[in-house]
Amino acid sequence: MLNLLTQRDTAGAIFILAIVIASGLYLGKFKVKGVSLGTTWILFMGILLGHFGLRINPVMLSFIKDFGLILFVFAIGLQVGPGFFHSFRKDGLPMNLLALGLVLLAVITTYVIHLISGENLGIMTGIMSGAVTNTPGLGAAQQTLTDAAVASDEVTAASTGIASAYAVAYPLGVLGAIAVLLLSKALFKVNIEKEKERASKGERDEGSAYRLACRVENPALFGKTVHDIVGDENPDHMVIARMKRGDKVFFPDLDLPLEEGDKLLIVTDIQHKDKVRIIFGKDFPVDMNEWRQDGTKLVAGRLSITKSSITGMSLRKLDIRRKYGVTVTRILRAGVDLQADADLILQVGDSMKVVGSEEGIERLAKLVGNEPETLHKPNLVPIFFGIALGVVLGTLPIRFPSMPQPLKLGLAGGPLIVAILLGHFGPKLRITTYTALSANLMIREIGISLFMAAVGLGAGKTFVASLVGGGYMWVLYGALITLIPMTVIALVARLVMKMDFFKVCGLLSGGTTDPALLSFAEQMYGSGRIAVNYATVYPLTMFLRVVAAQVMIMIML
């Protein structure tokens, strides 16, 4: 075994990596008051063992670090891609604007500290990445330094110290973010139960489904078909789920003309309920027993799209309502809940939430496959094809007049952008990008573990010397970069934007891409809404953090 620790061959490298990763993951299981540093312990174990002389061949170490980073960011991109552009709609827009402000404030704070203290800007970029707990930003910064191939004392100092700076700033980045949440709760005098009531009321007011029954009394509708009223675009989000004519209850065909006295069971958004009454006529109490005559029954369910032939087809093209009498209300994709717009492009792995008759849902199930067990087989072609495209994109130079060196997205930014685009546009190109959440998580965890171990082992040799030689100030710099932007954005979100506390928690967690903060907030305040808001800002924030780290390095160069 001693030979494996001292010989710099493949077997020795694998052995050392396994020791670092296993011990780091084990330590990551321990929590102090519900908080854990998680996979960051791998980085600290790598630094510790690297300090005591464990080494891996530099070429091999560089490959492990880069390949691990690629796997990590690509898995993230695939997961957030389907909801990336969707997150800018409606309520997500102000939250993403605040997340943008959080990133910009962190960059400004970092640069101001650089100007005042004279600290190397590359080192400050590492501190910034640690202060906001953003590992891809660290990887992007290191990759940009590698790609620049510029020889100078400043670049050399940044190359050797950036990982150490990240490691020093990271723990307080986690703890400082938690402190902001606790102080925000105290400052805003938050009552969690009242906040839950406020959030629930907001959700009801902002688009929860509302069911009402109306009698057709408007003469302008007599002889009009359901399609004439609802139309293809359906801006009022109105679904006629049931019709009663005489004693007969049935699903209305879209081409069926309405008659005076028809009774309609309608599902719409709560903000459109008054408009529905104006269109059709006075509503009356809903008694579901009245709508279950003739042996018919309205049921809800979920169907998994498992037939590859469905990939690339829109809900409008499938014409599900007309052919099957079934209404699609939501699409779940890669853990993201998407609105079932008529032009939404479907892909294998999507889960459809449907409402209709049992017979109609069974017929639709045959069309889409609905064999979720077939999704367990990994679809690796788009993953490696996407990685190849991402590497190509990452190496393309992007020139700006004011910069001495062209900007490159690198091995972090390139694959991340390609993965996001594949996740969003893949179905439209008939590319099946589905990856089971468990498989996505496995790829991500393997990637980040390899990256952290390689970075730690590489930084271990100089970590203590950097810390003793002035690196203790990095803790202060990191604290400022953590606390100032988060405090400002928390105040704006609460006092100016009037957001409930759960949105503030989700915004700060996603805006710092900090899963530890998300876990802490959910455990402390017991609301699943925090994770929803986290997911709203996470995709854009992750992308901006990577780009910001690269821009900082390019400014230094």
Side-chain angles (χ1 to χ4, degrees), residues 40 95-142 144-145 154 157-158 161-184 187 466 470-497 504-505 507-514 516-517 537-538 540-557:
T40 309
M95 290 193 68
N96 275 288
L97 288 176
L98 287 175
L100 171 63
L102 191 60
V103 176
L104 289 177
L105 281 174
V107 171
I108 292 171
T109 304
T110 302
Y111 195 73
V112 169
I113 293 174
H114 156 70
L115 294 178
I116 295 175
S117 67
E119 183 64 77
N120 180 290
L121 189 55
I123 296 294
M124 289 303 307
T125 304
I127 296 173
M128 180 182 71
S129 297
V132 298
T133 67
N134 187 258
T135 307
L138 169 66
Q142 290 189 315
T144 304
L145 278 172
E154 189 176 10
I162 190 170
S164 299
Y166 172 92
V168 168
Y170 190 101
L172 202 59
V174 175
L175 298 177
I178 291 173
V180 171
L181 278 193
L182 296 175
L183 290 173
S184 298
L187 178 64
S466 299
Y472 54 88
M473 290 297 296
W474 298 348
V475 177
L476 173 61
Y477 300 155
L480 294 174
I481 296 169
T482 299
L483 297 175
I484 293 175
M486 291 187 68
T487 302
V488 171
I489 294 301
L491 292 172
V492 172
R494 182 69 174 188
L495 302 180
V496 179
M497 306 298 291
V504 175
C505 290
L507 169 64
L508 296 181
S509 301
T512 54
T513 64
D514 189 349
L517 184 60
V537 301
Y538 180 89
L540 178 65
T541 303
M542 178 61 73
F543 174 75
L544 291 175
R545 294 289 186 193
V546 169
V547 173
Q550 291 185 299
V551 170
M552 295 286 282
I553 296 299
M554 293 307 302
I555 292 174
M556 181 191 75
L557 296 174

As an exercise, state the distance from CG of Leu508 to CD1 of Ile489, rounded to the nearest 0.5 Å. 8.5 Å
At their closest point, which heavy atom of Ile162 faces which heavy atom of Gly126, and how far apart are they? CG1-CA, 3.5 Å
If you measure from OG on Ser117 to CD1 on Ile123, what distance do you get to the nearest 0.5 Å? 11.0 Å
Under 3.5 Å, which donor-acceptor pairs do the side chains of residues 477-485 form with other protein atoms, sequence neighbours left out?
unit_1, atom_1, unit_2, atom_2, d
Thr482, OG1, Ala131, O, 2.8
Thr482, OG1, Gly478, O, 3.0

Contacts of Leu495 meeting side-chain contact (heavy atoms from CB on, under 4.5 Å) (sequence neighbours excluded), chain-then-number -> Phe188, Leu491
For the residue pair Val107 and Met552, what are the closest heavy atoms and their distance? CG1-SD, 3.7 Å
What are the two closest heavy atoms between Ala165 and Ile127, and how far apart are they? CB-CG1, 3.6 Å
Which value, rounded to the nearest 0.5 Å, describes the distance between Leu187 atom CG and Leu182 atom CG? 12.5 Å
Compare all side-chain heavy atoms of Thr125 with those of Thr110 and state whether any distance is below 4.5 angstrom. no
Shortest non-hydrogen pair, Val504 vs Ala493, comes out as CG2-CB, 4.1 Å
Are Glu119 and Ile113 packed together at the side-chain level, in the sense that at least one heavy-atom pair is separated by less than 4.5 angstrom? no
Can you give me every donor-acceptor pair (side chain of residues 173-181, partner residue at least two apart or in another chain, under 3.5 Å) with its distance?
none

Which value, rounded to the nearest 0.5 Å, describes the distance between Arg494 atom CZ and Ser184 atom OG? 9.5 Å
Reported CG-to-CG distance for the pair Leu100 and Leu105, which is rounded to 0.5 angstrom: 9.5 Å
Please output the side-chain donor-acceptor pairs of residues 542-549 that fall under 3.5 Å, not counting sequence neighbours, one pair per line with the distance.
unit_1, atom_1, unit_2, atom_2, d
Arg545, NE, Gly511, O, 3.4
Arg545, NH2, Gly511, O, 2.6

Taking every heavy atom of Tyr166 against every heavy atom of Asn134, the minimum-distance pair comes out as CE1-O, 4.0 Å
